[in-house]
Structure formats: C-alpha cells, structure tokens
Amino acid sequence: MRHSKSMYWKLSAYFFFFFFTWSASYSLFSIWLGQEISLNGAETGIIFTVNAIFALCMQPLYGYISDKIGLKKHILFLISGLLLLVGPFYIFIYGPLLQYNVFLGAVVGGLYLGVSFLAGIGAIESYVEKVSRKYAFEYGKSRMWGSLGWAAATFFAGQFFNINPNINFWIASVSAIVLFIIMMTIKVEMTESEMERAESINFKQVGNLFANKHFWYFILYVLGVTCIYNVYDQQFPIYFSSTFSSTALGNQVYGYLNSFQVFLEAGMMFLAPFIVNKTGAKKGLILAGFLMAFRIMGSGLVIGPYGISAMKLIHALELPIMLISVFKYLAANFDTRLSSILYLVGFQFTSQVGASIFSPIAGTLYDIRGFSNTYVLMGIFVFAFTTISIFTLKREPKNLNKLDPKPNSHIEPA
C-alpha cells in the first residue's frame with residue numbers, strides 16, 4: 001500500500017510539471033503566432049496542421065514501443081530530456097525560423113512539438129494508466145494534477161506575455177528541470193510474467209485489432225467528436241481577445257479564464273472516475289460528446305466575453321468525463337496488452353488526423369465567415385457524430401466498469 005501511494009504521488013508530480021511546462025510554453029501559442037510572429041488565420045492553421053502531422057507520425061511508434069517495453073520508462077526519459085530545451089528552442093530557433101520562412105519554421109517546430117508534447121502526452125498518459133492498473137489507483141486522480149499544473153502556469157501566462165512572451169518560455173525550461181529530476185526517481189517494478197506479456201506483442205496482434213469493427217466505430221467517434229475540441233481550442237484565444245477593448249487586456253483575462261477552467265477541470269478529474277463507473281464508459285463518451293456540441297455551438301451564439309467565458313468553462317466538465325471514458329472503454333473492450341497502441345493510435349493518432357484535416361478548413365472559415373458562424377457549424381458537426389455513436393459504440397460488460405488492477409487479455413472478435 002505504501003509503495004502504491006509513493007508511486008501515485010511521484011506520477012502525479014510528473015503530470016503536474018509536464019503540464020506546467022506545456023502550459024507555460026503553449027497555452028498562448030496561437031496568440032504568440034498571431035501577435036508576436038504576425039501570422040494570419042490560414043497560416044496559423046497550417047502551423048497546427050504540420051504539428052498534427054508530426055504528432056501522428058510519432059504516435060503509432062510511441063504506442064508500439066510502449067506496449068513492447070511494458071512499464072520501462074525509456075520514452076519518459078526521451079520526452080523529459082527534450083523538454084529541457086523548450087525555452088531556448090522557442091526563443092532562438094522556432095520564432096526566428098517562422099519569421100524567416102513560415103513553412104520551414106512549421107516543419108522544424110512540428111518535429112520538436114510533435115515528438116515532445118503533442119505525441120508525448122499520449123505516451124505519458126498511457127504509461128501512467130498502465131501503472132495505475134498495476135498499483136491499483138484511479139488514473140483520473142493522478143491526471144488531476146496535470147490539470148492543476150496547466151492551470152498554475154496559465155494563471156500568470158497572460159500577464160507575462162504582455163510583458164515579454166519569452167518569460168513564459170524560460171519558466172517552462174525551469175519547470176522541465178524539475179520534471180526531469182522527478183522522472184529519475186520513478187522506479188516501476190516489472191515481474192518476469194509482465195515482461196513476457198509485453199514482449200509477446202507482435203505486429204500480427206496489432207493487425208488483428210484493425211480487423212475489429214468495434215475499433216473502427218471508436219475511431220469514427222474520435223474523428224467526428226473528440227478531434228473537434230482541439231480544432232476549436234487552437235484559435236479560440238484570438239477570438240476571445242478580440243471581444244475586449246485591447247488585445248493586451250484580452251490576453252490577460254484569457255489567462256485567468258483558462259486557469260479557472262483548468263482548476264475546475266482538475267476537480268472534475270477527481271470526480272470523473274466515479275461518474276463513469278456509474279454510467280459506464282459508452283454513456284460517458286456520449287455525454288461528453290453532447291456537452292462538447294453544446295459548448296462549441298454556444299460559443300458562436302452567445303454575445304460578449306461573459307457569455308463566451310461561460311461556454312468555455314463547460315470544457316472543464318466535458319474533458320475529464322471523455323478522457324476517463326476513453327481509457328475505460330478501451331480497457332473493457334480490447335486486449336489491454338495493446339493499451340498504449342489503442343490509446344495512441346485509436347484516440348491520439350486519430351485525433352491528430354482529424355486535426356490535420358479540419359485545422360486548415362477551420363482557419364480559412366475563420367477568415368471568411370468569422371468565428372461565430374464557424375463555431376455553430378462545428379457544433380452541429382459534433383452533435384451529428386455523437387448521435388451516430390449512440391448506435392455504433394459498444395456497451396461494455398458491467399463488471400468491467402470498475403477499476404481492475406489486473407489487466408484483462410481478451411481480444412474482442414471482429
């Protein structure tokens with residue numbers, strides 16, 4: 001029990017500082033691109049598309065390696081090491097390259113951000129979820145600390161950005177040093193049977209996964225629902241700031257709003273496992289989808305910063321339920337030896353594919369139709385796919401809704 005608590009706190013601290021580092025360097029990314037680098041909506045959309053492409057290239061690789069090595073922390077070591085360079089990268093490489101040539105900067109930035117943050121987060125979340133099953137604690141309660149880390153950095157990000165955006169980047173590097181130290185203290189024991197179980201994974205088993213119709217139904221949900229919240233969030237800070245008398249004031253208030261939202265999200269991360277255990281993973285996914293549709297559509301219908309802020313805060317309810325439901329749905333319906341591949345390919349990779357398709361479309365629509373009209377269209381799109389998923393997602397066995405520290409090994413037949 002004591003060892004389990006120690007592991008919980010170490011991984012929770014790792015989550016906190018990973019998200020703190022990410023938030024300090026990335027929460028105002030679209031504002032940085034627009035105000036500091038002077039890119040328009042379409043160019044910003046291209047940046048996000050390139051980032052998504054690099055992330056999706058890494059996710060299958062991360063997934064397969066993660067499942068193959070089991071609970072060894074090689075990938076955490078790689079990601080933690082890359083994050084030590086985050087401040088100097090933004091200041092001395094990424095920014096100057098984007099000002100010199102947008103496409104060259106996009107490629108270099110996409111490589112770094114894709115490997116470290118955008119694909120890295122999936123590898124980390126998958127790793128912690130595996131460890132949580134081994135040491136019998138709820139993943140959501142550990143992931144909660146990641147939300148708190150994001151909120152803590154975001155609370156001051158808007159103010160620091162108005163002084164000098166580089167302050168946030170240097171703070172991110174300092175946080176990454178703490179992250180690296182924490183990572184070095186994490187030691188997960190692997191039994192011989194666990195090592196054999198991980199090493200038994202091969203490409204044939206991965207191929208069988210893609211012959212499973214329920215896996216494709218899950219991918220359909222991700223493409224039509226979950227990837228849209230990333231597209232929505234990409235340029236939302238620009239829209240939000242435009243509703244204020246000055247962009248500086250808008251940036252500062254957005255920092256406060258985003259921080260408050262993520263604090264609420266952290267609280268929901270603590271409660272979400274209880275909610276999803278009661279409703280079941282499928283109903284959790286459906287509930288999250290309808291909340292998202294309401295939030296996105298509402299953002300285009302309400303007027304003024306107060307109404308827009310209220311819509312944005314719904315994200316704090318929706319995301320934790322969705323994330324916990326995803327892990328529980330995959331664990332209930334598929335072979336848990338492939339848990340990293342399932343999450344990184346089925347959820348993260350598919351989300352990035354969707355983002356690479358929809359980001360430039362959304363960016364162009366923002367420039368032509370405006371944010372409000374585009375949000376209404378996006379909300380309708382999410383509502384339609386959530387409704388479809390009511391009939392396509394599989395209802396998991398009731399006895400698998402609860403936390404099970406012993407991974408199942410069944411493969412759902414096609």
Side-chain angles (χ1 to χ4, degrees), residues 1-19 62-80 120-146 179 182-202 205-206 209 269-270 272-274 276-277 281 320 323-348 396-397 399-411:
M1 179 65 71
R2 181 178 298 176
H3 191 62
S4 176
K5 288 184 178 180
S6 174
M7 186 62 63
Y8 165 79
W9 284 113
K10 286 180 180 180
L11 291 172
S12 296
Y14 188 89
F15 260 142
F16 181 92
F17 284 99
F18 177 85
F19 276 91
Y62 271 159
Y64 184 78
I65 294 175
S66 294
D67 285 332
K68 195 70 175 174
I69 64 176
L71 298 177
K72 297 176 183 177
K73 60 179 185 178
H74 301 338
I75 291 179
L76 264 67
F77 188 88
L78 170 64
I79 294 170
S80 303
I121 177 55
I124 292 169
E125 288 179 325
S126 176
Y127 179 85
V128 176
E129 193 272 337
K130 287 180 183 178
V131 176
S132 73
R133 282 188 275 116
K134 176 180 174 66
Y135 289 95
F137 61 85
E138 279 285 3
Y139 163 80
K141 294 181 180 180
S142 181
R143 176 62 173 74
M144 170 188 72
W145 291 96
L179 174 76
I182 293 170
M183 185 273 301
M184 296 299 292
T185 69
I186 297 172
K187 298 186 185 299
V188 179
E189 300 173 355
M190 284 188 69
T191 65
E192 185 175 339
S193 62
E194 287 174 332
M195 294 180 66
E196 291 176 354
R197 180 179 169 83
E199 291 170 358
S200 68
I201 294 171
N202 54 50
Q205 293 167 337
V206 177
L209 181 65
M269 277 292 179
F270 188 85
F274 174 79
V276 177
N277 284 339
L323 189 58
I324 300 304
S325 296
V326 164
F327 276 117
K328 289 184 179 291
Y329 183 85
L330 294 176
N333 292 299
F334 304 98
D335 186 351
T336 53
R337 289 179 300 169
L338 303 174
S339 60
S340 290
I341 294 173
L342 285 162
Y343 181 68
L344 279 155
V345 176
F347 183 69
Q348 293 283 351
E396 71 282 2
N399 63 333
L400 290 174
N401 287 346
K402 304 292 183 180
L403 175 67
D404 181 7
K406 297 180 180 179
N408 70 71
S409 61
H410 73 282
I411 299 179

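Being a predicted model, the structure only gives us computed values, none of them experimental.
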Q: Give the C-alpha distance, both sets of side-chain angles, the deciding distance and a yes or no for side-chain contact (heavy atoms from CB on, under 4.5 Å) between Y64 and V345.
A: CA-CA 9 Å; Y64 184 78; V345 176; over 6 Å; no
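- Among all heavy-atom pairs drawn from V128 and S142, the shortest one is CG1-OG, 3.9 Å.
- For the atom pair NZ of K141 and OG of S132, the computed distance is 11.5 Å after rounding to the nearest 0.5 Å.
- Between K130 atom NZ and F327 atom CZ the span is 10.5 Å, to the nearest 0.5 Å.
- In this structure the side chain of Q205 reaches within 4.5 angstrom of the side chain of R337, judged on heavy atoms.
- The CG atom of D335 sits 9.0 Å away from the CG atom of D67 when rounded to the nearest 0.5 Å.
- Judged by distance alone, with hydrogens and angles left aside, the side-chain atoms of S4 form a donor-acceptor pair with the main-chain N or O of Y135 at under 3.5 Å.
- Counting heavy atoms from C-beta outward, W145 and W9 have side chains that approach closer than 4.5 Å.
- Nearest heavy-atom pair, I75 versus S66, reported as atom, atom and distance to 0.1 Å: CD1-OG, 3.0 Å.
- Checked against ring-ring contact (aromatic ring centres under 6.0 Å, His included), F77 has the following partners two or more places apart in sequence or in another chain: F180.
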(Q) Evaluate K328 against E129 for salt bridge (charged side-chain N to carboxylate O under 4.0 Å, His left out), listing each step before the verdict. (A) CA-CA 10 Å; K328 289 184 179 291; E129 193 272 337; over 6 Å; no
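- Looking at I324 and R143, their side chains never come closer than 4.5 Å, going by heavy atoms from C-beta outward.
- For the pair Y62/I79, a side-chain contact is recorded, criterion being any heavy-atom separation below 4.5 Å from C-beta on.
- Between F19 and F15, the ring planes are tilted. Angles from 30° to 60° get that label.
- A distance of 7.5 Å separates CD1 of I341 from CG of L209, quoted to the nearest 0.5 Å.
- Between T336 and R133 there is a side-chain heavy-atom pair separated by less than 4.5 Å.
- Atoms CD1 and CD1, on I201 and I69 in that order, are 10.5 Å from each other to the nearest 0.5 Å.
- When all heavy atoms are compared, the tightest approach of I186 to K73 is O-NZ, 2.7 Å.
- With rounding to the nearest 0.5 Å, the separation of CD1 in I182 from OG in S12 is 10.0 Å.
- Pairing each heavy atom of V131 with each of V188, the nearest pair is CG2-CG2, 4.2 Å.
- Between F137 and Y8, the two ring planes are perpendicular [angle over 60°; tilted spans 30° to 60°].
- Contact record, E189 with L71: O-CD1, 4.5 Å, taken as the closest heavy-atom pair.
- Annotation for E125 and Q348: closest pair OE1-NE2, 3.5 Å, computed over non-hydrogen atoms.
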